[in-house]
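Data first, discussion second: the structure below is written as structure tokens.
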Amino acid sequence: MAEENNQYTFESETYRKTYWHTCSHVLAQAMKRLHPEVKLAIGPSIDNGFYYDFDTPEPFTEGQLAELEAEMRKICKEKLKLERFELPRAEAIKFMEEKGEPFKVELIHDLPEDAVISFYRQGEFTDLCAGPHLDSTGRIKGNAIKLTACNAAYWRGDSNRETLQRIYGVAFPKKDELDEYLAKLEEARKRDHRRLGRELGLFMLRDEGPGFPFFLPKGMTLKNTLLDYWRRVHKKYGYVEISTPIMLNRQLWERSGHWDHYKNNMYTTVIDDVDFAVKPMNCPGGMLVYASEPHSYKELPLRVGEIGLVHRHELSGALHGLFRVRCFNQDDAHVFMTRDQMQDVIQETVRLFDEVYSVFGLSYTIELSTMPEDHIGTVEEWERNQDILKAAITAMGKDFVVNEGDGAFYGPKLDFHLADSLGRTWQCGTIQLDSQLPERFELEYTGEDGQKHRPVMIHRVVLGSIERFIGVITEHFAGAFPAWLAPVQVKLLPVTDRAAEYAEAVSARLDAMGFRVEVDGRNEKIGKKIREATLEKIPYMLVVGDRDMENGTVSVRHRSGEDLGAMSLEEFAALLGNEVKEMTIK
RNA sequence: GCUAGCGUGGCUCAAUGGCAGAGCACAUCACUCGUAAUGAUGGGGUUGUGGGUUCGAUUCCCACCGCUAGCUCCA
């Protein structure tokens, strides 16, 4: 490895991860020098940096990070050689016991019998590690290391085990690159949807209802515009829409399996001595609708959509703006079909996803989640369904990664993780294959043969949660929504009071054409009105003054700062109309 | 839920064991102005909630509520 280092650059993921992994060892070494009593857990590289978990009597403070960074810089300057060596199991355990590292001992115990147990030594510091590593701490640029956070983490991610202190860090071969990275994080903070949501008047959260978002007028317009698009695109793909009750009795939830498998997350109540639960999912209601009348094979696949408001009691610590809430609208749909239709339906659904995501300029990665420990149905059924999902997307030439044991309790699923413009990903779409609920609700259709058959179904959402999706696109567009989606598309800015009436008249005409328009009739200077409309990220500003009144024009300015000059209202309406139309159904 | 940090006008943030302050926003008045902030004046706070320590608490202590970060990446 060492001699090959020169061939590698920081652009290579392998080299980057090796670099960061060695950084984590340097961090651990610095920790041991400053705080010998601290016990070492694990310290891997991650997608953007590295961390190390420590067991410490006293949690760390931000101030200590600077001290650790300084010690790390020292270690880099010392140019310590990293040397790998192996030990037989018993000796490895003894070695770590003597060093007083109980977590390392546990790790060695859990390694398979035939595992090679390797260590890396740098100066006075040695760590259990599979490697690989850089050949010297001198290869790390000391002043381009930044310890970014210290936080708690459970040993082995298990909430029943020890709480460790995790220190996160990031490092680059050049100081400039570190600064650039930190600037990018700062940029990300500026487009945080929680901040933009408040600044743009989209939504709010209150102590009175943690995790229950309130939508404000602008946010509601955005949401309705989004749903309007959703309905049009689903109509095109042959969906019908229903709405099912928000609360249903216990018996139903027992039948669906939710009462047994999902009760901890459900809001329940008692009405007239009967247990009720607020729905955490829409499916059981959808089952009742399907079962309410007989079906023929000729109707299949039957695509039934529902924008359903669901409530889930998420852990308080998991709440996060609109990304993780306790009540949200799913753009749900259930597609009922024959076994033969499964692959086609899955592919058709993926095509629908592609169309929708492309409208927003969002790309995605797919994860296949397989059978969890807590599940219903047979292993054979699960495997068969997993194979169908795999086959369907493979045939479409799509890549996916497998997420073992992360399926829903009733079936395997394909999860679509959307990347925002900063490369962070959020799970939005999902396609879940389910042959359990049709069984439990005894769903049937009459086949060509005149016999009753059991359909299979998928549960699927494209946007996922309307709330989360709004959060994702708010950050993706940094609040500057495309014109078709912007809560306000046009703002009239009269230069003086003399133009107020004219502005109102223009506004009324645009409104009649179906555009979302506002007038800034305040007695303020035009510069101020422009500044504020720009900060509101309204796509078009129409400046109107004496000149425009005389000529019957509007002076158009884009939020980007571009001055499009004076034009007739008809010309402007055509311009905006085209821009809006481009983004609608193809 | 756990660990740590935080909670001061609508927002962003000062300050202090001894009268709580600024900018923005808001209101009023003047200015009627052509492409990113006109000026003046004014109103607005039981410092998250409840308890405790103290002559005195917004500040110190305790509890609760809420928020923020992490708890997925595994030598």
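Per chain, numbering begins at 1; letters A, B, ... match sequence-line order.
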Shortest side-chain distance from A:Ala153, nucleotide among B:C71, B:U32, B:A75: B:C71
Do the side-chain N or O atoms of A:Thr534 get closer than 4.0 angstrom to the phosphate oxygens (OP1, OP2) of B:A36? no
Using the P atom as the reference point in each nucleotide, state the distance between B:G42 and B:C2 in Å, no decimals. 50 Å
Relative to the ring of A:Phe95, is the ring of A:Phe85 parallel (under 30°), tilted (30 to 60°) or perpendicular (over 60°)? perpendicular
Return no unless some side-chain N or O of A:Arg195 is found under 4.0 Å from OP1 or OP2 of B:C11. no
Any donor-acceptor N/O pair under 3.5 Å between B:U32 base and A:Asp497 side chain: yes
Distance flag, aromatic centroids of A:His261 and A:Tyr410, threshold under 6.0 Å: no
Residue whose nearest RNA chain B nucleotide is more 5′ - A:Leu128 or A:Gln165: A:Gln165
For nucleotides B:A15 and B:C19, find the distance between their C1' atoms and express it as a whole number of Å. 13 Å
Base, sugar-phosphate, or nothing for A:Tyr120, non-hydrogen atoms under 4.0 angstrom? nothing
Interatomic distance where CG belongs to A:Leu493 and P belongs to B:C33 [whole Å]: 17 Å
In terms of heavy-atom contacts, does NZ of A:Lys146 have more than 12 from other residues, nucleotides or ligands at under 6.0 Å? no
Phosphate contact (B:U72 OP1 or OP2) by A:Arg324 side-chain N/O below 4.0 Å: no
Within the structure provided, determine whether A:Leu80 and A:Phe125 are in side-chain contact (heavy-atom separation under 4.5 Å). no
Using OP1 and OP2 only, check whether a side-chain N or O of A:His558 sits under 4.0 Å from B:U35. no
Can you confirm whether A:Leu40 sits close enough to A:Phe54 that some side-chain heavy atom of one is under 4.5 Å from a side-chain heavy atom of the other? yes
Report each atom pair, protein N/O against N/O of nucleotides 22-26 of chain B, whose distance is under 3.5 angstrom.
| residue | atom | partner | partner atom | Å |
| --- | --- | --- | --- | --- |
| B:A25 | OP1 | A:Lys528 | NZ | 3.4 |

Record whether the side chain of A:Arg559 comes under 3.5 Å of the base of B:A36 through a donor-acceptor pair of N or O atoms. no
Between A:Arg166 (CZ) and B:A4 (P), how many Å, whole number? 16 Å
Nucleotide of B:G34, B:G70, B:A36 approaching A:Asp546 most closely (side-chain heavy atoms): B:G34
May I ask you to say what A:Gly317 touches in the nucleic acid, namely base, sugar-phosphate or nothing, with a heavy-atom cut-off under 4.0 Å? base
Only one of A:His133, A:Lys32, A:Gln29, A:Lys104 passes side-chain hydrogen bond (donor to acceptor under 3.5 Å, both in side chains) with A:Asp127; say which it is. A:Lys104
Over all strands shown, is A:Val116 touching base, sugar-phosphate only, or nothing at heavy-atom distances under 4.0 angstrom? base
Interatomic distance at P, B:A14 relative to B:A30, whole Å: 38 Å
Within a reach of under 6.0 Å around CD of A:Glu199, are more than 12 heavy atoms found that belong to other residues, nucleotides or ligands? yes
Side chain proximity check, A:Glu518 to A:Asp520, heavy atoms < 4.5 angstrom: no
Using 30° and 60° as the class boundaries, would you call the ring planes of A:His193 and A:Phe323 parallel, tilted or perpendicular? tilted
Report yes if a side-chain nitrogen or oxygen of A:Arg156 is closer than 4.0 Å to either non-bridging phosphate oxygen (OP1 or OP2) of B:C71; otherwise report no. no
Do A:Leu196 and A:Glu475 come within less than 4.5 Å of each other through their side chains, counting heavy atoms only? no
Kindly point out which of B:U35, B:C71, B:U38 is positioned nearest to the side chain of A:Lys525? B:U38
Distance in angstrom units between A:Leu164 CG and B:C2 P, rounded: 17 Å
May I ask you to verify if any side-chain N or O of A:Arg194 is less than 4.0 angstrom from the OP1 or OP2 atom of B:U68? yes
Determine the contact category for A:Arg547: base if any of its heavy atoms lies under 4.0 Å from a base atom, sugar-phosphate if only primed atoms, P, OP1 or OP2 are that close, otherwise nothing. base
A:Ala130 side-chain proximity, nearest of B:C33, B:U32, B:A75: B:A75
What contact category does A:Asp548 fall into here, base, sugar-phosphate, or nothing, at under 4.0 angstrom with non-hydrogen atoms? base
Find out whether A:Arg522 and A:Glu532 are in side-chain contact, i.e. whether some heavy atom of one side chain is under 4.5 Å from a heavy atom of the other. yes
How many Å lie between CE on A:Met549 and P on B:C33, as a whole number? 11 Å
Once you apply a heavy-atom cut-off of 4.0 Å, does A:Ala533 come out as touching a base, just sugar-phosphate, or nothing? nothing
In residues 33-52 of chain A, what residues come within less than 4.0 Å of RNA chain B, judged by heavy atoms? A:Ile42, A:Ile46
CG of A:Asn151 versus P of B:U3: gap in Å, rounded? 14 Å
Is the backbone of A:Ser568 close enough, under 3.5 Å, to the side chain of A:Glu571 for a donor and an acceptor to pair up by distance? yes
What stems, by residue range, does RNA chain B take part in, given at least 3 consecutive Watson-Crick or G-U pairs under 3.5 Å? B:1-7 with B:65-71, B:10-13 with B:21-24, B:26-30 with B:38-42, B:48-52 with B:60-64
A:Glu71 meets the salt bridge (charged side-chain N to carboxylate O under 4.0 Å, His left out) criterion, sequence neighbours left out, with A:Arg33, A:Lys74
What donor-acceptor contacts under 3.5 angstrom involve side-chain atoms of residues 203-217 of chain A, with partners at least two apart or in another chain?
none

Are A:Phe477 and A:Lys537 packed together at the side-chain level, in the sense that at least one heavy-atom pair is separated by less than 4.5 angstrom? no
Side chain of A:Ala152 only, heavy atoms from C-beta on: which candidate in B:A69, B:U3, B:A36 is closest? B:U3
A:Thr163 side-chain proximity, nearest of B:A36, B:U35, B:U3: B:U3
Quick one, A:His35 and A:Gln64 - any side-chain contact, counting heavy atoms below 4.5 Å? yes
Do A:Leu134 and A:Thr18 come within less than 4.5 Å of each other through their side chains, counting heavy atoms only? yes
Rounded to whole Å, CG of A:Leu315 lies from P of B:C2 at a distance of 10 Å
Rounded to whole Å, please give me the gap between OH in A:Tyr154 and P in B:G70. 14 Å
Write down the distance separating the P atoms in B:G21 and B:G44, rounded off to the nearest Å. 13 Å
Where the side chain of A:Ile530 is concerned, which of B:A75, B:A36, B:G70 is the nearest nucleotide? B:A36
Atom pair distance, as rounded to whole Å: CD in A:Glu367 and P in B:U72: 15 Å
Which residues, if any, of residues 198-213 of chain A bring a heavy atom under 4.0 Å of RNA chain B? A:Arg198, A:Asp207, A:Pro210
